[in-house]
Amino acid sequence: MHYPEPISRLIDSFMKLPGIGPKTASRLAFFVLTMEEDSVLTFAKSLVDAKRELTYCSTCGHITDVDPCHICQDPRRDRSMICVVQDTKDVIAMEKMRDYNGLYHVLQGAISPMDGIGPEDINIPALIQRLHNDEVQELILATNPTIEGEATAMYISRLVKPSGIKTTRIAHGLPVGGDLEYADEVTLSKALEGRREL
């Protein structure tokens, strides 16, 4: 179907977002047409402001509007621990839990030779630089339980080992409320590896 040029451009713009196909993009574009002009302008301004005003923390790599970020600035945080995550969304997930009070380091990706991403292409050099700080006693590797996440965790643990800093990996396994019979072999294997004494 042929749409007027402004709506076609809007549909194309929505389709650039992850998980948005042609039907959803069309639905969103036509919804925008029904919005009040003030609401559309506020929406557009929010997009522009997010792009212009947000940056990455020069210390940890988390997305922020101040540098260093609020977490790195907080004097109540335990500076002896750094939790290494792949993405800024992982920091948000950890913070919602409210159980972790240390610092973070966001890698902005994972090692993936198939995609041409090596250790120098993600935020590993900055992490090694941070570890020269005498306060850091434990590095918690919380990369995703994927092949890339595991490879990244292994690479970092080997890199850090000579420094004597304690390096731990978050446990992976069965979710609370999950049934053994529905778990795959890898999940069961990880659950067995991560077992602890009661």
Examine distances only and state if a side-chain atom of [X] and a backbone atom of [Y] form a donor-acceptor pair shorter than 3.5 Å.
| X | Y | result |
| --- | --- | --- |
| S39 | M35 | no |
| Y100 | L103 | yes |
| R79 | C72 | yes |
| H105 | N123 | yes |
| T146 | G149 | yes |

Determine, stepwise, if the pair Q108 / I122 fulfils side chain to side chain contact (heavy atoms under 4.5 Å, CB included). CA-CA 6 Å; Q108 304 298 346; I122 57 176; 5.6 Å; no
Please say which of V84, V136, L141, T167 ends up in a side-chain contact (heavy atoms from CB on, under 4.5 Å) with V160.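 Filter result, single survivor: T167.
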Step by step, work out the side chain to side chain contact (heavy atoms under 4.5 Å, CB included) result for V48 and E53. CA-CA 8 Å; V48 172; E53 296 173 15; over 6 Å; no
Would you say the side chains of [X] and [Y] form a donor-acceptor pair under 3.5 Å?
| X | Y | result |
| --- | --- | --- |
| R169 | T143 | yes |
| E95 | Y104 | yes |
| T168 | E138 | yes |
| S80 | D78 | yes |

Other residues, nucleotides and ligands only: do more than 12 of their heavy atoms fall within 6.0 Å of [atom1] on [X]?
| X | atom1 | value |
| --- | --- | --- |
| M97 | CE | yes |
| E36 | CD | no |
| E37 | CD | no |
| I147 | CD1 | no |
| Y56 | OH | no |

Would you call V106 and D90 a side-chain contact if the rule is heavy atoms closer than 4.5 Å?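 Sidechains of D90 and V106: no contact.
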Could you tell me if the side chain of T24 sits less than 4.5 Å from the side chain of L17, heavy atoms only?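 Contact flag for L17/T24 side chains = no.
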Report the C-alpha separation of V66 and Q73 in whole Å, then their side-chain angles, then the decisive distance to 0.1 Å, and conclude whether the side chain to side chain contact (heavy atoms under 4.5 Å, CB included) test is met. CA-CA 10 Å; V66 293; Q73 285 185 38; 3.9 Å; yes
Would you give the length of the straight line joining atom [atom1] of [X] to atom [atom2] of [Y], rounded to the nearest 0.5 angstrom?
| X | Y | atom1 | atom2 | value |
| --- | --- | --- | --- | --- |
| M94 | N101 | CE | CG | 11.0 Å |
| K16 | I11 | NZ | CD1 | 13.0 Å |
| I128 | L159 | CD1 | CG | 4.0 Å |

For a side chain to side chain contact (heavy atoms under 4.5 Å, CB included) check, start with the C-alpha distance between L127 and L139, then their side-chain angles and the critical distance, and finish with the verdict. CA-CA 10 Å; L127 172 63; L139 195 64; 3.9 Å; yes
I'd like to know whether Y3 forms a ring-ring contact (aromatic ring centres under 6.0 Å, His included) with F30, so could you lay out the CA-CA distance, the side-chain angles of the two residues, the decisive distance to 0.1 Å, and finally the verdict. CA-CA 11 Å; Y3 294 118; F30 281 101; 5.6 Å; yes
